[in-house]
Amino acid sequence: MTAARVNKLEPEGAYHVLARAQELERQGADIIHLEIGEPDFQTPGRISSAGIEAIQADRTRYNPPRGITELREAVAKDAGARRGITIDPDEVIIAPGAKPILFFPLLALLESGDEVMYPDPGFPTYKSAIDVAGGVPVPIPLVEKNEFSFDLKVFDDLFSKKTKLIMLNSPANPTGGIMPTEDLEYIAKKAMDQECWILSDEIYSRIVYDGLEAPSIAAIPGMRERTIILDGFSKTYSMTGWRLGYGIMPKSLADKIQLLLTHSIGCTAHFTQFAGLEAITGDQSVVDEMVSEYEKRRDAVVKGLNNIPGIQCATPRGAFYAFPNVSALKMPVNELANRMLEEAGVALLPGTAFGPYGEGYLRLSYCNSLESIAEALRRFGDFVGRLS
Ligand code: PLP
């Protein structure tokens, strides 16, 4: 019998749908993939070359568990400048992907029974990490009429003496919403009054549209000492399989996370860190090009969805997801997503793959070409037409 701490774990919905889509493809079906949140661009050449050169230079060794100094220094400089804060390289932890920066800080901070607030609909790893770390998950609904930020009244009602940590994600998966500064200030005040922690997942911070920026709660005076910033290379530089991410946190916490890394993964792959160094310090126009391509796709998805009767899609301000409201179709979204895959050949996710408050919504990842997106929208429109 496995332990209670793992018995609550569930698979990520995206992998489940991908597996079924691939099975249908093996049977000859033509499927359009809008389920996985993974950039479809190649890792930029200069970054891959830096990784290859590092392997050839024998940078294939054990290295410090918190990451190589050059990369920590570059992250401190770059992430600090982008957020308007000063970061010491000793506050930076490099990890194999951003996901360990969800798990390890929770393991380091939570005592059994501590409550953790997190966005719902939200990235499924949040709840899993809270469960495994022995915390009590407290989902806070994101509401469409607030551009998918929290309902602060509900936040207030659920904030309790037991709240130890608040997870934020802006720009957000799956909604594409950006939390406004006023909401961050409100939450920051609560966190400071009660001395609780914030884990701010900013993995999509560079993927923003309409000339907007996503403010970081860490930039609010007094918040650095209680904020863990999570960010990384997967989305910004199209490097998902390289497994490279980082956390920025007070040094005393970073020292403990370093120990957890030492005794679990040992260290992050050596050569990938040199690729990461090149990613941050080299020409950033590759990022701008990818973001402007996403923006074109976003416009096409939002326009196309809003043209389908019964579907209403708010304009996402960041990340690469559309989160249309399909409640007028009067079908549970799990069933709708299944039927879209089986009957229309479009793989997408039900909002409920991100928590119960995702009912009434679908998530479409627009990490696919404009042509494929246009075809998916055509199939979606036909499918809805057949329903009525
Ligand atoms: N946070 C959010 C909101 C994500 O969507 C993802 C990946 O999908 C991650 C964190 C994890 O990033 P990584 O692949 O670098 O571990």
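Counting convention: from 1, in listed order, for ligands and their atoms alike.
At least one donor-acceptor pair under 3.5 Å links the side chain of Glu359 to the backbone N or O of Val333.
Any N or O atom pair closer than 3.5 Å counts here, and Tyr126 shares no such pair with ligand 1. Some N or O of Ala98 is nearer than 3.5 Å to an N or O of ligand 1, by distance alone.
At least one heavy atom of Lys235 sits under 4.0 Å from some atom of ligand 1. Heavy atoms of Thr240 come nearer than 4.0 angstrom to ligand 1 in no pair at all. Heavy-atom distances between Tyr204 and ligand 1 reach below 4.0 Å in at least one pair.
The shortest contact between atom 15 (O) of ligand 1 and any protein heavy atom is with Ser234 OG, 2.6 Å. Of the protein's non-hydrogen atoms, the one nearest atom 11 (C) of ligand 1 is Lys99 CG, 3.8 Å. Nearest protein neighbour of atom 6 (C) of ligand 1, counting heavy atoms only, is Phe123 CZ, 3.4 Å. If you check which protein heavy atom lies closest to atom 1 (N) of ligand 1, you get Asp201 OD2, 2.6 Å.
Annotation for ligand 1: atoms under 4.0 Å from non-hydrogen atoms of Asn173 are 3 (C), 5 (O). The Arg243 neighbourhood of ligand 1 comprises atoms 13 (P), 14 (O), 15 (O), 16 (O), with distances under 4.0 Å to a heavy atom of that residue. Using a 4.0 Å cut-off to heavy atoms of Gly97, the atoms of ligand 1 that qualify are 15 (O), 16 (O).
By the 4.0 Å N-to-carboxylate-O rule, Asp120 lies too far from Lys127 to be salt-bridged with it. Salt-bridge formation is detected for the pair Arg83/Glu202: a Lys NZ or Arg NE/NH1/NH2 atom is positioned less than 4.0 Å from an Asp or Glu carboxylate oxygen. Using a cutoff of 4.0 Å between basic side-chain nitrogens and carboxylate oxygens, Arg20 and Glu23 are scored as salt-bridged. Residues Asp40 and Arg297 are paired through a salt bridge, judged by an N-O separation under 4.0 Å between the basic side chain and the carboxylate. By the 4.0 Å N-to-carboxylate-O rule, Arg46 lies too far from Asp283 to be salt-bridged with it.
When non-hydrogen atoms are compared, ligand 1 lies under 4.0 Å from the side chain of Asn169 (C-beta onward) but not from its backbone.
Looking at Glu35 and Ser365, their side chains never bring a donor and an acceptor atom within 3.5 Å of each other. For Tyr237 and Arg206, the side-chain atoms include at least one donor-acceptor pair closer than 3.5 Å.
With values rounded to the nearest 0.5 angstrom, Ile68 atom CD1 is found 6.0 Å from Leu277 atom CG.
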